[in-house]
2 protein chains.
Amino acid sequence: MPSKSRIKGHTESADDYLKAILELSGPEDQRVASNALAIHLGIRAASVTGMLQKLSTDKPALVKYQKHHGARLTTAGRKRALEVLRHHRLLERFLHDFLDYGWDEVHEEAERLEHFISEKLEDKIAAKLGDPLLDPHGHVIPERNGAFSARDEVNLLNWACGVPALISSVSDRDASDLRAIERLGLRPGTSVVVEAGVRNASLLVRIGGQNSTIRLGQHLAAQIFVVARTPQASAA
Amino acid sequence: MPSKSRIKGHTESADDYLKAILELSGPEDQRVASNALAIHLGIRAASVTGMLQKLSTDKPALVKYQKHHGARLTTAGRKRALEVLRHHRLLERFLHDFLDYGWDEVHEEAERLEHFISEKLEDKIAAKLGDPLLDPHGHVIPERNGAFSARDEVNLLNWACGVPALISSVSDRDASDLRAIERLGLRPGTSVVVEAGVRNASLLVRIGGQNSTIRLGQHLAAQIFVVARTPQASAA
DNA sequence: GCTCTGTTTTAGGCATGCCTAAATTACTAA
DNA sequence: TTAGTAATTTAGGCATGCCTAAAACAGAGC
Ligand SMILES: [Mn+2]
Ligand SMILES: [Mn+2]
Ligand SMILES: [Mn+2]
Ligand SMILES: [Mn+2]
């Protein structure tokens, strides 16, 4: 018995697979390996195979699946994945803006509720928020019609030294990392420059126009994404 | 696999059984027959038997179950049922007051979400609402600690003619009936008197101190509950 | 007390979605 | 080209929670 509380024919599990494929396939829409999915979802590869077979023989098919060569989303699968992603990010924004959640708390709750809110509630929340474009971590919220333009972000670890950057988003996967990032003042919208120097274990980062710099471990830096800072653009 | 999104060990299905038993056992805490549960839940009696066996052998047991003689809630079962009922009614109040839902729309959404909100979200919602006592249909919201005093309501069909009454609550089970009731102006808090006369197919009801009366079919009247109107008490 | 009828339980099955263990396949490197 | 290894798939199982059909039971009326 799949959870009674499903809105349409989609199960919670299938939704999670679709979201995972969307995330892991990257902007290039690469095929995603069973193993990668298994690790991401915290289940066994054998289980993934079974579900990919099911998803690929659903009508309409949600993934294209080639034995031993991974899966990618079909148009229908991508549509559903973006739908759930929109729910997730709208919920995060709503919990943060209207219900006093910290940005480190919203992910867990949204992860659960994203599967169970109706289109009506989605619309009411979006209206209440004024159709926001970004979630509290700076991630783009897919539009209602399925439009979704992933930004051209670069991981801070791969950003050239000395080039002015703007923090565009931060991973929301780990709550304590989020608190650490916040403590350092590295919210989305913040201007940063990576100072020249060794980049082995940590980066030397200057925030905004400040004189002092901070040391940022690889672990945290890996969760921060930036875009080029043009002279016009400024911190939000 | 039970829905991953369960908050604790409770499944959505078990929660629904517990809520149903709470509702059907009435203020007297009568035992509830398998058949009554099957009808209420829209499933087969055979399935009910299986679940009652499971609920009664859980540790801690959630129902006391005697073969062929129905089930009643244990303390733990009642606690959980009230927990879910609190979620439901808080959600209804929240959707109605903050997200522009009509009182005929809230039930369906709350019925789904009640199983999936965390204790944290429950608390945030309650705080935002100022710890409300009643849901939009006039039903008492159980307290956080499990306290719950069912009011001494009487169905309008059983109310004596000529005795002033106050509408205390209205069934939320059918959305179109709710719209009909609202159209007639019979919200909770409204003063009514059932006029003397034949009570076969419909009641003649006078609202507040108005001169005119309205005809109320049995079907709708059966969904309205009232309490005695003391001279002091007045419409909300 | 006995029978009849409707209720309830048992027995056997099915779909979902996970698991482990045992094949099988694909790729890499000698 | 051919092992060897790692990834992947198959096979078989389990828990949940529903179903139908058939058996067992309880309470009412006689
Ligand atoms: Mn949606
Ligand atoms: Mn986010
Ligand atoms: Mn609760
Ligand atoms: Mn209600």
Side-chain angles (χ1 to χ4, degrees), chain A residues 1-21 24-25 30-59 62-72 77 80 84 112 115-116, chain B residues 1-21 24-25 30-59 62-72 77 80 84 112 115-116:
Chain A
M1 185 226 48
S3 180
K4 274 176 292 212
S5 287
R6 314 279 37 276
I7 296 277
K8 281 199 271 180
H10 306 105
T11 66
E12 190 179 352
S13 240
D15 279 353
D16 285 336
Y17 278 86
L18 297 177
K19 273 207 315 173
I21 296 170
L24 295 175
S25 63
Q30 301 285 317
R31 280 177 306 198
V32 178
S34 302
N35 223 8
L37 281 170
I39 290 166
H40 188 90
L41 295 170
I43 61 179
R44 299 301 163 151
S47 308
V48 171
T49 299
M51 182 61 99
L52 289 182
Q53 287 168 344
K54 191 167 329 162
L55 292 175
S56 67
T57 54
D58 275 357
K59 40 167 190 127
L62 296 167
V63 310
K64 219 172 315 170
Y65 168 58
Q66 272 188 77
K67 229 189 242 195
H68 291 283
H69 295 285
R72 69 166 35 121
R80 178 61 190 168
V84 179
R112 209 157 1 83
H115 306 286
F116 305 108
Chain B
M1 186 225 53
S3 180
K4 273 176 294 213
S5 288
R6 314 281 36 274
I7 296 277
K8 282 199 268 177
H10 306 105
T11 66
E12 190 180 351
S13 240
D15 280 353
D16 285 336
Y17 278 84
L18 298 177
K19 272 207 315 172
I21 295 170
L24 296 175
S25 62
Q30 301 285 317
R31 281 176 305 196
V32 178
S34 301
N35 225 8
L37 280 170
I39 291 166
H40 188 90
L41 295 170
I43 61 179
R44 298 301 163 148
S47 308
V48 171
T49 298
M51 181 61 98
L52 289 181
Q53 287 168 344
K54 190 167 330 161
L55 291 175
S56 67
T57 55
D58 275 359
K59 38 164 192 124
L62 297 166
V63 309
K64 221 172 314 169
Y65 166 60
Q66 272 188 76
K67 229 190 243 195
H68 292 284
H69 294 285
R72 70 166 33 123
R80 179 60 191 168
V84 179
R112 209 159 358 85
H115 307 285
F116 304 109

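We name chains A, B, ... by the order of the sequence lines, and we start the count at 1 in each one.
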Spacing between [X] atom [atom1] and [N] atom [atom2], to the nearest angstrom:
{"X": "H69(A)", "N": "dT9(D)", "atom1": "NE2", "atom2": "C1'", "value": "12 Å"}
{"X": "H115(B)", "N": "dG17(D)", "atom1": "NE2", "atom2": "P", "value": "12 Å"}
{"X": "H68(B)", "N": "dT7(C)", "atom1": "NE2", "atom2": "P", "value": "14 Å"}
{"X": "L41(B)", "N": "dC19(D)", "atom1": "CG", "atom2": "P", "value": "10 Å"}
{"X": "D15(A)", "N": "dG17(C)", "atom1": "CG", "atom2": "P", "value": "10 Å"}
{"X": "K4(A)", "N": "dG17(D)", "atom1": "NZ", "atom2": "P", "value": "8 Å"}
{"X": "E12(B)", "N": "dC18(D)", "atom1": "CD", "atom2": "P", "value": "10 Å"}

Taking the side chain as every heavy atom from C-beta outward, state whether [X] and [Y] have any atom pair closer than 4.5 Å.
{"X": "R72(A)", "Y": "V32(A)", "value": "no"}
{"X": "T11(A)", "Y": "H115(A)", "value": "no"}
{"X": "L37(B)", "Y": "M51(B)", "value": "no"}
{"X": "Y17(B)", "Y": "V48(B)", "value": "yes"}

The side chain of [X] lies closest to which of these nucleotides: [options]?
{"X": "A45(B)", "options": "dT8(D), dT9(C), dA21(C)", "result": "dT9(C)"}
{"X": "S13(A)", "options": "dT8(D), dG17(C), dC19(C)", "result": "dG17(C)"}
{"X": "I43(B)", "options": "dC19(D), dC19(C), dG17(C)", "result": "dC19(D)"}

Check step by step if side-chain hydrogen bond (donor to acceptor under 3.5 Å, both in side chains) holds for K64(B) and S56(B). CA-CA 6 Å; K64(B) 221 172 314 169; S56(B) 67; over 6 Å; no

Contact class for S47(B) vs. all strands (heavy atom < 4.0 Å): base, sugar-phosphate, or nothing? base

Phosphate-side-chain proximity, [X] and [N], N/O vs OP1/OP2 below 4.0 Å:
{"X": "Y17(A)", "N": "dC18(C)", "result": "yes"}
{"X": "K67(B)", "N": "dA24(D)", "result": "no"}
{"X": "R44(A)", "N": "dC18(C)", "result": "no"}
{"X": "Y65(A)", "N": "dT8(D)", "result": "no"}

Those residues of residues 48-59 of chain B lying under 4.0 Å from DNA chain C by at least one heavy atom: T49(B), Q53(B)

